[in-house]
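Below: the structure, in structure tokens.
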Amino acid sequence: DLSAKQLELLAEAVPGARRIAVLWNPTASSHAPALPAVEAAARALQVEVRFVPVRGIEDFDAAFAQMSAEQVGAFLALVIPAYFIHRARLAELALQHRLPSVFGWREYPKVGGLMSYGPNLLDMFRRCAAYVDKILKGASPAELPVEQASRYEFAINLNAARSFGLDISSTLLAR
């Protein structure tokens with residue numbers, strides 16, 4: 001599960017964070033199955049996780065207030081388009097509240113987020129185009145195989161790391 005790997009990378013980048021928040025959307029069908037994987041990874045990493053429900057931008061301020069009140073040291077934002085659309089705002093709030101973060105797509109570090117690990121979106125769009133091409137040429141969608149992403153990217157925004165006062169290890173940078 002990608003979310004478990006993201007938590008592992010975040011814990012390595014922010015070794016002092018013993019309590020990490022997980023932003024998740026209770027209405028996103030992909031999030032509920034990810035939560036047990038995150039909990040298992042947290043136990044293995046010996047960190048405590050706090051699940052913070054966030055449906056959209058209207059919940060961002062309350063989520064950051066909750067994370068501050070619960071004294072989390074960093075956060076993981078599970079992948080969802082509602083967060084992606086407002087990624088710059090999430091990055092801004094993370095910096096404002098001094099909360100290093102990990103996201104699922106490299107577009108987050110590009111706008112100020114600390115780091116990301118996840119599938120290459122451009123590659124995924126290319127694969128979608130190949131599916132559309134097959135369907136337009138007469139293939140039955142029901143007979144096309146389901147594909148998972150095969151290219152993953154890890155990105156770190158070193159300017160954001162400096163802003164958080166983090167010293168990213170050479171091991172993590174080598175990844």
Minimum heavy-atom distance between [X] and [Y], given as atom pair plus value:
{"X": "A91", "Y": "G112", "answer": "CB-C, 3.6 Å"}
{"X": "A160", "Y": "G113", "answer": "CB-O, 3.8 Å"}
{"X": "A4", "Y": "A41", "answer": "CB-CB, 3.8 Å"}

Under 3.5 Å, which donor-acceptor pairs link side chains of residues 14-26 to any protein atom two or more places apart or in another chain?
unit_1: R18; atom_1: NH1; unit_2: P15; atom_2: O; d: 3.2
unit_1: R18; atom_1: NH2; unit_2: L45; atom_2: O; d: 3.3
unit_1: R18; atom_1: NH2; unit_2: Q46; atom_2: O; d: 2.6
unit_1: R19; atom_1: NE; unit_2: E48; atom_2: OE1; d: 3.4
unit_1: R19; atom_1: NH1; unit_2: E70; atom_2: O; d: 2.6
unit_1: N25; atom_1: OD1; unit_2: T27; atom_2: N; d: 2.8
unit_1: N25; atom_1: OD1; unit_2: T27; atom_2: OG1; d: 2.6
unit_1: N25; atom_1: ND2; unit_2: R55; atom_2: O; d: 3.2

Distance (rounded to the nearest 0.5 Å) between [X] [atom1] and [Y] [atom2]:
{"X": "L10", "Y": "S3", "atom1": "CG", "atom2": "OG", "result": "12.5 Å"}
{"X": "M67", "Y": "L99", "atom1": "CE", "atom2": "CG", "result": "5.5 Å"}
{"X": "N120", "Y": "M124", "atom1": "CG", "atom2": "CE", "result": "9.0 Å"}
{"X": "F164", "Y": "N157", "atom1": "CZ", "atom2": "CG", "result": "9.0 Å"}
{"X": "L122", "Y": "W105", "atom1": "CG", "atom2": "CH2", "result": "13.5 Å"}
{"X": "L95", "Y": "N159", "atom1": "CG", "atom2": "CG", "result": "11.0 Å"}

For D61, which residues count as a side chain to side chain donor-acceptor pair (under 3.5 Å) partner, sequence neighbours excluded? R89
If the condition is side chain to side chain donor-acceptor pair (under 3.5 Å), which residues does H97 pass it with, not counting sequence neighbours? S68
Would you please name every residue forming a salt bridge (Lys or Arg N to Asp or Glu O under 4.0 Å) with [X], sequence neighbours left out?
{"X": "D133", "value": "K137"}
{"X": "R87", "value": "none"}
{"X": "D123", "value": "none"}
{"X": "E12", "value": "R175"}

Qualifying residues under side-chain contact (heavy atoms from CB on, under 4.5 Å), relative to [X], sequence neighbours excluded:
{"X": "L158", "value": "I156, R162, I168, L173"}
{"X": "I85", "value": "none"}
{"X": "L144", "value": "Y131, K134, I135, A139"}
{"X": "S140", "value": "A142, E143"}

Stepwise side-chain contact (heavy atoms from CB on, under 4.5 Å) check, L9 with F154: CA-CA 9 Å; L9 293 167; F154 178 46; 3.7 Å; yes
Side-chain heavy-atom pair Y117, E153 within 4.5 angstrom cut-off: no
Beyond-backbone contact of F51 with V38, side-chain heavy atoms, under 4.5 angstrom: yes
Checking side-chain contact (heavy atoms from CB on, under 4.5 Å) for the pair L166/L114: CA distance, chi angles, key distance, verdict? CA-CA 10 Å; L166 296 174; L114 175 62; 3.7 Å; yes
Report yes or no: do Y83 and L93 belong to one cluster of Ile/Leu/Val/Met/Phe/Trp/Tyr joined by side chain heavy-atom distances under 4.5 Å? yes
hydrophobic_cluster_shared for L121 and L90, side chain cutoff 4.5 Å: yes
Between F84 and Y108, what is the ring plane arrangement, given parallel below 30°, perpendicular above 60°, and tilted in between? perpendicular
Start with the C-alpha distance between F103 and M115, add both sets of side-chain angles, then the distance that settles side-chain contact (heavy atoms from CB on, under 4.5 Å), and finish with yes or no. CA-CA 6 Å; F103 301 95; M115 55 197 272; over 6 Å; no
In terms of heavy-atom contacts, does CD of Q71 have more than 12 from other residues, nucleotides or ligands at under 6.0 Å? no
For residues 74-82, which side-chain donor-acceptor pairs fall under 3.5 Å, sequence neighbours excluded?
none

Between L7 and V49, is the side-chain contact (heavy atoms from CB on, under 4.5 Å) condition met? List the steps. CA-CA 10 Å; L7 183 65; V49 289; 4.2 Å; yes
